[in-house]
There are 2 protein chains.
Amino acid sequence: MIKERKILQDYISRNSMKYTKQREVILEVFLATEGHVSVEELHQKLSEVEPSVSLATVYRTLNLFCKAGLAQKRKFGEGQTRYEHSVDHSHHDHLICTSCGKIIEFENPMIEQLQRQVAERNDFLVKSHRLEMYGLCADCRKKSASSS
Amino acid sequence: MIKERKILQDYISRNSMKYTKQREVILEVFLATEGHVSVEELHQKLSEVEPSVSLATVYRTLNLFCKAGLAQKRKFGEGQTRYEHSVDHSHHDHLICTSCGKIIEFENPMIEQLQRQVAERNDFLVKSHRLEMYGLCADCRKKSASSS
DNA sequence: GTGGATGCAAACGATTTGCAAGCAT
DNA sequence: ATGCTTGCAAATCGTTTGCATCCAC
């Protein structure tokens, strides 16, 4: 918990920015949130703690977190951008349930290996990649099976 | 070339829609376009042939093409949606050059196989998936190497 | 002639930005 | 005090939609 605050404070002073109340509270709420939050959702949760924080500030602050290495932007299928923690969070890909919205993370070194191979064959230098599978999670499969 | 028109006409009559001049010309330009077009780009090209076609109609028509099975929507990293041909075009994934915007397609059955395995392990039913690698293509690698 | 299609402009949702006021340093 | 930050509202971008008109059937 303290580690992330340190990272943020470091980044902030390194860039002659200011450590404000808003940044503090947004960081807290962000860290307390599991998984992949949208700006809207975070602003929602935030409003229970500190209702005066504006949406614009949440946008600005999440972008700051990305630059500081605390968060990572992810754009899934449709709609809004989501942010996930990036401290102590190694690379992974996602299974996304199109019914309930659940996001399952996974890692697969074999796939990564094959990706590198494909890139090499195309004389392509990979900087980042994304692998997402969309479909139904176990729970939703059960539900749709029982309703039929 | 004729095949796609047939598919469109079929879809249109099956759904008691109308085969208009606009749909005809948009289809032609779309088919004559390689790779992954954005609506804006298509509208641009279109304006050289038939300047009166509105952006809104291009949007509406590309969505129609998707429903008819002629095109497929793809949302890459940022910005706008792109559309690719889907007739005689089997499943594939993409390498996207972040410098010049080039998009290279590839297929890799081994990766698909491993993906299926991951899904299974998570008791997840995959409906669709996407794999994209972002980086520098061969040409842009050369350029950046020579400029340094 | 009738209902679907079009062009236009307005509406949209997500995100960004300009600006005057506010607060951390 | 200085200047980075904030909240607000307006602006932006890509896309969709309402509506009067138009055209394929």
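Reminder, nothing fancy here: chain letters follow the sequence lines and each chain counts from 1.
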Between NZ of B:K18 and P of C:dT6 the distance, given in whole Å, is 11 Å
The residue, B:S16 or B:L55, whose nearest nucleotide of DNA chain C is more 5′ is B:S16
Review point. Just to confirm, is there a sub-4.0 Å distance from OP1 or OP2 of C:dA24 to any side-chain nitrogen or oxygen of A:Q22?
Key: no
For a quick test of reading the model: is some side-chain N or O of A:N63 closer than 4.0 Å to OP1 or OP2 of C:dT16? yes
Atom CZ of B:R23 and atom P of D:dA24 are separated, to the nearest Å, by 12 Å
Heavy-atom nearest nucleotide on DNA chain C taken for B:N15 and for B:V58; more 5' hit belongs to B:N15
Rounded to whole Å, CG of B:L27 lies from C1' of C:dA5 at a distance of 16 Å
OP1 or OP2 of D:dG14 under 4.0 Å from side-chain N/O of B:T81
no
Checklist entry - Mind checking whether B:H36 and B:F76 have ring centres under 6.0 Å apart? => result yes
Q) Should A:R130 and A:D93 count as an ion pair when the cut-off is N to O under 4.0 Å? A) no
Taking every heavy atom of B:A119 against every heavy atom of B:V126, the minimum-distance pair comes out as CB-CG2, 3.4 Å
- Query: Does the gap between the ring centers of B:H43 and B:Y59 come in under 6.0 Å?
  - Reply: no
Picking from C:dC8, C:dT16, D:dG7, the nucleotide nearest the side-chain atoms of A:T57 would be D:dG7
Between the CG atom in B:D123 and the CZ atom in A:R141, the distance rounded to the nearest 0.5 Å is 5.0 Å
Winner on side-chain proximity to B:Y59, out of C:dT16, D:dT15, C:dG4, is D:dT15
Whichever of A:S54 and B:R82 has the more 5' nearest nucleotide on DNA chain D, that residue is A:S54
In whole angstroms, the gap separating P of C:dG4 from NZ of B:K67 amounts to 13 Å
note: A:E24, atom CD; D:dT6, atom C1'; distance rounded to Å ~ 16 Å
Quick note, B:R60 side chain, CB onward, closest among C:dC8, D:dG14, D:dA24 is C:dC8
Against the side chain of A:Q80, the closest entry in D:dA9, C:dG7, C:dA14 is C:dA14
Here the distance between atom P of C:dG13 and atom CD of A:E41, to the nearest Å, is 17 Å
note: A:K75, atom NZ; C:dG13, atom P; distance rounded to Å ~ 17 Å
B:K21 atom NZ is separated from D:dA24 atom C1', nearest whole Å, by 13 Å
